[in-house]
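Numbered from 1 within each chain, the chains take letters A, B, ... in sequence-line order.
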2 protein chains.
Amino acid sequence: MAKATIADIAREAGVSVTTVSRFINGNFGKMRPETRQRIEQTVARLDYRPSASARRMRQQRTHVVGVIVGDISNVFSSLLFKGIYTQLQPAGYDVMLMNSNNSVDEERDEISRLLSQEVDGLIIQPDCKRFSAYSPIVSATIPLVMVDREPDDQPGDIAKVTVDNHGSCRALAGLLAEHGYENVVALSNIRSEISAQMPRLEGLRAGCDEHGMLMIPVEANGHDTQWLTQELRALTGRLAGRTALVSLMGPMLFDTLEALRELGLRFPEDVGVVSFDDWRWSQYVRQGIHLLEQDPQRMGQEAAANLLEQMNADADPYAFAKQTTLPVAEIPAPSI
Amino acid sequence: MAKATIADIAREAGVSVTTVSRFINGNFGKMRPETRQRIEQTVARLDYRPSASARRMRQQRTHVVGVIVGDISNVFSSLLFKGIYTQLQPAGYDVMLMNSNNSVDEERDEISRLLSQEVDGLIIQPDCKRFSAYSPIVSATIPLVMVDREPDDQPGDIAKVTVDNHGSCRALAGLLAEHGYENVVALSNIRSEISAQMPRLEGLRAGCDEHGMLMIPVEANGHDTQWLTQELRALTGRLAGRTALVSLMGPMLFDTLEALRELGLRFPEDVGVVSFDDWRWSQYVRQGIHLLEQDPQRMGQEAAANLLEQMNADADPYAFAKQTTLPVAEIPAPSI
DNA sequence: TTGTAGGCGTTATCAT
DNA sequence: ATGATAACGCCTACAA
């Protein structure tokens, strides 16, 4: 037997489709209890489920939200998604998840697919530095929240949830200066046009300037760990004064530790080590590592909460757009 | 201006909707180049995108696949999803992701939602030990692949992708015996009705029996790390002969290491340590930990590949269901 | 309190 | 090579 439709239920229960429709939508107001019961039983008997396709066609809403992340295998992304899902599911929204692989091209395609899907809202960890890549979304007046990264020319009325990348890194420089460090090696691995690591680099730079420390950026993208090892060997061998390594993203810390092990360098004795981390996995490494921690799940929740407000708006959703900057937590450990 | 429809394009381009539809679907076979061009320009000018809602209504396919995982914040799940997405996206399918929180109730609700969405296929990391929880899917003849875990009474014609949990653990016991261990403490943390840890426990049990080793299961669910520390203190203090700790899931290893640190126990000197791990993060802990490693991304790929075959089937999709058991890799390290 | 009928945007069938 | 038209399943204004 083919999938039951609202007409089947109506026929079997001996009522009209209108009445069944009212039942489906919990509109029991004007319905005799016996009618209601009869429909209830028929629905159960035929295992009827209303067709979402037909509903979204008829209504102007899909109750689907699209989410695009840079790399779902990164813990940041999965925690972000969890936060989003936790908010959206109870609100009656289903979520389509897409992985852009940090590629502008894939992202463009995915936005297009999501627009075709007529999603009610969009949460994006953006890849593209030009906001024009996202203007089709705005043209269609679809609620939108940007997360983690920020296109250069993003309009002020587009929502975003970021953390205080610049400020936290600037403050970190101060701390390192207090600890007597004179050199700061900033280890980044930037794989997309824009990255949260960029404001972190700037913040570190600003802080180092303020405290008269030498700041050396090392960009690892495209290189292997062997290269990093060489690089660190050269640097640590040549720098006068104490040096701190700052890993500007969680996974980068892996490679850094690998390199340190190969070089036989210990921390904090030989070098200081600090890292951004979304997950605190590194607490199990030796005595633990001084961390700058963001809370991706919270970011997801905030983003979804604001998206819901936009989606509930009667008129212009962007009037409800909020720009949120969350704090970065400092988790001290004796690695500096 | 409201969203453009196929009728708008037809009117603007001075052709019929049929022709536009043909254009949209790449059916250029019988179409004058000039007609094609005219439509092409109009589509671009009005930024027209076909409505997925209308298409899925008209056709009998949504080109959407549903995925339910136990806990997306677990690395296993995110890698699994990545594998699935990598296969499905190029094949033209969008993916709805749901997180069951390892809860049978949430899972039931999510299956219901996905059926309402009329997804073309379903990949589930199942929570429920009775397969009857999934029979609505089978009743609707929707392609289905189970991953990682296995309901007790799953029919032979339902696809699944698992790893050799039992065999790998049985073999591990042999290896531990060779290394001179006499006691094996199996650390599990089972949060759902069914878990891949169950066959692992059984395999370990079988292997220990074969080699005359003592096997002691420790189930940590519902307890904190403090409890685990106590438990391990008691055990290690009381057992004669060398003892190996086997963590049966990645995250469990975290707690185990924490406990060992608190107890001041070192490995492999004081106890041996082995763990399942989906990600090899633990290689950065001391000299590394002997691992049993599965490849969740590969599991996702296999699952999606079989799902595609089922979805391409003309008649009974379950005729194409495959049951796959992937190997568990052994990554040796001096922790035993 | 319940029923009838039109239309949401698309594709498939049948013309021309 | 192109068009007209009838569905797909549901909701809702309007009737009864």
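- Rounded to whole Å, atom P of dC10(D) lies 13 Å from atom CZ of R49(A).
- Regarding contacts with the backbone of dT11(C), a side-chain N or O of S21(B) is found under 4.0 angstrom from either OP1 or OP2.
- If you check distances only, the side chain of T18(A) does reach the base of dT4(C) with a donor-acceptor pair under 3.5 Å.
- The S16(A) side chain lies nearest to dG3(C) when the options are dG3(C), dG3(D), dG9(D).
- Atom-to-atom, NE2 of H63(B) to C1' of dT11(C) comes out at 12 Å; the value is rounded to the nearest Å.
- Backbone-only contact: M31(B) has heavy atoms under 4.0 Å from sugar-phosphate atoms and none from a base.
- Looking at which nucleotide of DNA chain D each of E118(B) and T35(B) is closest to, the 5′-most match is held by T35(B).
- Sequence order on DNA chain D of the closest nucleotides to T19(B) and T5(A) puts T19(B) first from the 5' end.
- Judged by distance alone, the side chain of N312(A) and the main-chain N or O of E309(A) form no donor-acceptor pair under 3.5 Å.
- The interatomic distance linking R55(B) (CZ) with dC8(C) (C1') rounds to 16 Å, in whole Å.
- Applying the 4.0 Å criterion to OP1 and OP2 of dT2(D), one finds that R32(B) has a side-chain N or O inside that range.
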R298(A) and E302(A): CA distance, side-chain angles, deciding distance, salt bridge (charged side-chain N to carboxylate O under 4.0 Å, His left out) verdict:
CA-CA 6 Å; R298(A) 167 113 189 271; E302(A) 299 277 344; 3.2 Å; yes
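- Within a 6.0 Å sphere centred on CZ of R38(A), other residues, nucleotides and ligands contribute more than 12 heavy atoms.
- Look at CZ on F23(A): it is 15 Å from P on dG3(C), rounded to the nearest Å.
- When the nucleotides dA5(C), dC10(D), dG9(C) are ranked by their closest atom to the side chain of P50(A), dC10(D) comes out on top.
- Note: CZ (R36(B)) to P (dT2(D)) measures 12 Å, nearest angstrom.
- Computed from coordinates, the I6(B) CD1 to dT5(D) C1' distance equals 14 Å when rounded to whole Å.
- Rounding to whole angstrom units, CD of residue Q59(A) and P of dG9(C) are separated by 14 Å.
- A side-chain hydrogen bond (donor to acceptor under 3.5 Å, both in side chains) with Y85(B) is found for one member of Q87(B), Q89(B), K82(B) and no other, namely Q89(B).
- Residue contacts for Y48(A): at a heavy-atom cut-off of 4.0 Å it reaches the sugar-phosphate backbone alone, with no base atom in range.
- We find that CZ of R56(A) is positioned 14 Å from C1' of dC10(D), with the value rounded to whole Å.
- Comparing R58(B) and R22(B) by the nucleotide of DNA chain C that holds the closest heavy atom to each, the one mapping nearer the 5' end is R58(B).
- A donor-acceptor contact shorter than 3.5 Å is absent between the side chain of E110(B) and the backbone of I68(B).
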